[in-house]
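Since this is a predicted model, take the numbers as computed values, not measurements. Along the sequence shown, residues carry numbers from 1.
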Amino acid sequence: MYMRRCLVGLTFCICYLASYLTNKYVLSILKFTYPTLFQGWQTLIGGLLLHVSWKLGWAEINCSSRSAVLTWLPASVLFVGVIYAGSRALSRLAIPVFLTLHNVAEVITCGHQKCFRKEKTSPAKICSALFLLAAAGCLPFNDSQFDPDGYFWAVIHLFCVGAYKILQKSQKPNVLSDIDQQYLNYLFSVVLLACASHPTGDLLGVLDFPFLYFYRFHGSCCASGFLGFFLMLSTVKLKSLMAPGQCAAWIFFAKVITAGLSILLFDMILTSATVG
C-alpha cells in the first residue's frame, strides 16, 4: 500500500509538472492566446477520454439524477471561469507567480469555513492562510515583469477556484463522485466555450495565428489535452488513497517542483531557443 501511494503521488507530480510546462509553452512561447479554443480543446479531449473510459468499464459515471446535475450546474459555471481566467493569467505571468496567486484560493475557503460555517480551524491553518495572503500581496511590488492584466485575470481565477471549492464541499456526500463532477464540468465547458468562441473573436482571430500549421503547435495542443486528463485522474486517485494532509503535501511538492523547473526552462532554455 505504501509503494502504491508513492507511485500515485509521483504520477501526480509528473502530470502536474508536464501539464503546466506544456500549457505555458503553448500560451507564452507560441503565444496561442485564444482561451476559448485552447480550453475548449482540452475539455473536449478530457470529456471524450472520460466517456470512452466509462464505456469500456474503466471508470464509473452516474449522472442520472437530474436534481443532482442541476445542483452542480453553478459549480460547472465556476469551473469554466477557473480554466478561462487561469489560461489568460498563465499566458502573462510566470508559473511561480501564478501558483503563488492560485494558492490564495485556500484563504477564501478557510475564511468561509471560519466565518460562515463556524467550523473549528486550527491555528496552524490560519497562519498558513495569512502567510499565503501576505506572499501574494508582496508579489506586485517585487515582480520585475509586473503585468496588470495578468494579475487581474489571476485574481478572477483565484476567486473562482475558492468559490468552486466551497460549492464542492457543500455538496451532499455520495450524490456525485469526483469523476461525475468532472464529467459534467467537461460537458458544460465544451458547450459554453464553443458558444463563446465567436463573440470573443477567438474563432476568427485564430486564423491569423502564425504557428497554426506547425507540428510543434499541434503536438503541444495534443499533449496538453491528454496531460490535463491524466492530471485529473491522478488527482482523483490521490484524494481517494491518501488522507487530506498527505494529499496536500504531495500537491505542495508538485507546485514547488513545477515552479523551480519552470524558472530553469522558460528563463534559460526555452526563451533563448525561441530567440535563436
Hey, do the aromatic rings of [X] and [Y] have their centres closer than 6.0 Å?
X	Y	result
Y164	W72	yes
F217	Y215	no
F188	F79	no

**Request:** Return yes if a side-chain donor-acceptor contact under 3.5 Å exists between D202 and S197, otherwise no.
**Result:** no
**Prompt:** Going by atom types alone, do N103 and T100 pair a side-chain donor with an acceptor below 3.5 Å?
**Reply:** no
Taking atom [atom1] as the centre, does [X] end up with more than 12 heavy-atom neighbours from other residues, nucleotides or ligands that are less than 6.0 angstrom away?
X	atom1	answer
F146	CZ	yes
H218	NE2	yes
K165	NZ	yes

Does some side-chain heavy atom of [Y] sit less than 4.5 Å from a side-chain heavy atom of [X]?
X	Y	result
L139	Y151	yes
F159	I156	no
L27	R92	no
L48	F229	no
R4	L241	yes
Y183	H51	yes
Q39	R88	no
F32	V206	yes

**Asked** With hydrophobic residues grouped by side-chain heavy-atom distances under 4.5 Å, do W250 and Y20 end up in a single group?
**Response** yes
**Item:** Verdict with reasoning, L90 to I95, per side-chain contact (heavy atoms from CB on, under 4.5 Å)
**Value:** CA-CA 7 Å; L90 188 60; I95 290 180; 4.0 Å; yes
**Asked** Parallel, tilted or perpendicular: which describes the rings of F211 and F209, with under 30° parallel and over 60° perpendicular?
**Response** perpendicular
**Request:** Could you check whether the rings of Y16 and F12 sit parallel, tilted or perpendicular, using 30° and 60° as the cut-offs?
**Result:** tilted
**Fill in**
What one should report as the nearest heavy-atom pair of I179 and E60 is CG2-O, 3.9 Å
**Prompt:** Which atoms form the tightest heavy-atom contact between S67 and T71, and what is the distance?
**Reply:** O-OG1, 2.6 Å
**Item:** side-chain contact (heavy atoms from CB on, under 4.5 Å) between I257 and C13, intermediate numbers included
**Value:** CA-CA 8 Å; I257 295 296; C13 290; over 6 Å; no
**Asked** Within the distance-only criterion (no hydrogens, no angle test), does the side chain of K24 pair as donor or acceptor with the backbone N or O of L93 below 3.5 angstrom?
**Response** yes
**Prompt:** Is S170 reaching over with its side chain to a backbone N or O of L167, donor-acceptor style, under 3.5 angstrom?
**Reply:** yes
**Message:** Before you tell me yes or no, could you show the steps for F252 and V256 under side-chain contact (heavy atoms from CB on, under 4.5 Å), namely the whole-Å CA-CA distance, both residues' side-chain angles and the distance that decides it to 0.1 Å?
**Reply:** CA-CA 6 Å; F252 175 76; V256 171; 3.7 Å; yes
**Item:** All salt bridge (charged side-chain N to carboxylate O under 4.0 Å, His left out) counterparts of D178, not counting sequence neighbours
**Value:** none
**Counterpart residues, ring-ring contact (aromatic ring centres under 6.0 Å, His included), relative to F98 (two or more places apart)** = H157
**Prompt:** How long is the gap from OG1 on T11 to CG on L231, to the nearest 0.5 Å?
**Reply:** 11.5 Å
**Request:** To the nearest 0.5 angstrom, please state how far the NE2 atom of H112 sits from the NZ atom of K169.
**Result:** 10.0 Å
**Prompt:** Between F38 and N23, is a side-chain contact (heavy atoms from CB on, under 4.5 Å) present by the stated rule, with each step listed?
**Reply:** CA-CA 9 Å; F38 188 51; N23 288 341; 3.5 Å; yes
